[in-house]
*Asks:* 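Supplied in structure tokens, the structure appears directly below.
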Amino acid sequence: MKSFFDSIPDTLPDCRPCFYINATSRTQTVLIRNIDSSSRERVVFPGQHLVFEAPTSALSVILTTERNKAIVTDIIPCRQLRATNVSTSTKSEILPITQ
């Protein structure tokens with residue numbers, strides 16, 4: 001499985017670490033869009049933290065699973081999810097986001 005870092009082209013100059021927490025009691029899917037005309041996604045369970053790297057121009061689309069349906073519950077610009085203090089130990093916890 002490719003990691004999210006492997007899937008971002010080197011030509012994108014504005015990639016930054018981002019941080020999202022699923023603070024709900026439901027499973028969510030985070031879709032990262034506007035990355036080289038494609039999107040990435042990752043399932044985030046209740047209470048789980050997701051650290052990923054994305055261009056600040058990308059969008060995070062949050063889908064929440066409810067009654068066997070995925071409902072768009074939020075659209076967040078990645079620039080609002082920027083992590084300001086990512087240490088080397090945190091970078092090892094960055095989860096892969098698959099295509």
*Asks:* Name all pairs fulfilling the salt bridge (Lys or Arg N to Asp or Glu O under 4.0 Å) condition that reach into residues 18-30, sequence neighbours left out, sorted by first residue then second.
*Replies:* R26-E66
*Asks:* Do you know the tightest heavy-atom contact between A54 and I32?
*Replies:* CB-CG2, 4.1 Å
*Asks:* Nearest 0.5 angstrom please: I62 CD1 to L50 CG, how far?
*Replies:* 8.5 Å
*Asks:* How close do C18 and C78 get, heavy atom to heavy atom, and via which atoms?
*Replies:* SG-O, 3.7 Å
*Asks:* Please report the interatomic distance CD(Q48) to OG1(T27), rounded to the nearest 0.5 Å.
*Replies:* 9.5 Å
*Asks:* Report the C-alpha separation of F19 and L81 in whole Å, then their side-chain angles, then the decisive distance to 0.1 Å, and conclude whether the side-chain contact (heavy atoms from CB on, under 4.5 Å) test is met.
*Replies:* CA-CA 5 Å; F19 185 77; L81 297 175; 5.8 Å; no
*Asks:* Assigning hydrophobic clusters by single linkage (Ile, Leu, Val, Met, Phe, Trp, Tyr; side-chain heavy-atom cutoff under 4.5 Å), is V72 placed with L31?
*Replies:* yes
*Asks:* Minimum heavy-atom separation for Q28 to T24, with atom names?
*Replies:* NE2-CG2, 3.6 Å
*Asks:* For residues V30 and S60, report the shortest heavy-atom separation together with the two atoms involved.
*Replies:* CG1-CB, 4.4 Å
*Asks:* When you check the side-chain N and O atoms of E41 and T29, is any donor under 3.5 Å from an acceptor?
*Replies:* no
*Asks:* Atom CG in L59, atom CD in Q80: separation rounded to 0.5 Å?
*Replies:* 10.0 Å
*Asks:* Do you know which two heavy atoms are closest between V44 and N22, and how far apart they sit?
*Replies:* O-ND2, 2.9 Å
*Asks:* Quick one, Y20 with H49, criterion side-chain contact (heavy atoms from CB on, under 4.5 Å). Give me CA distance, side-chain angles, the key distance, then yes/no.
*Replies:* CA-CA 6 Å; Y20 176 78; H49 298 183; over 6 Å; no
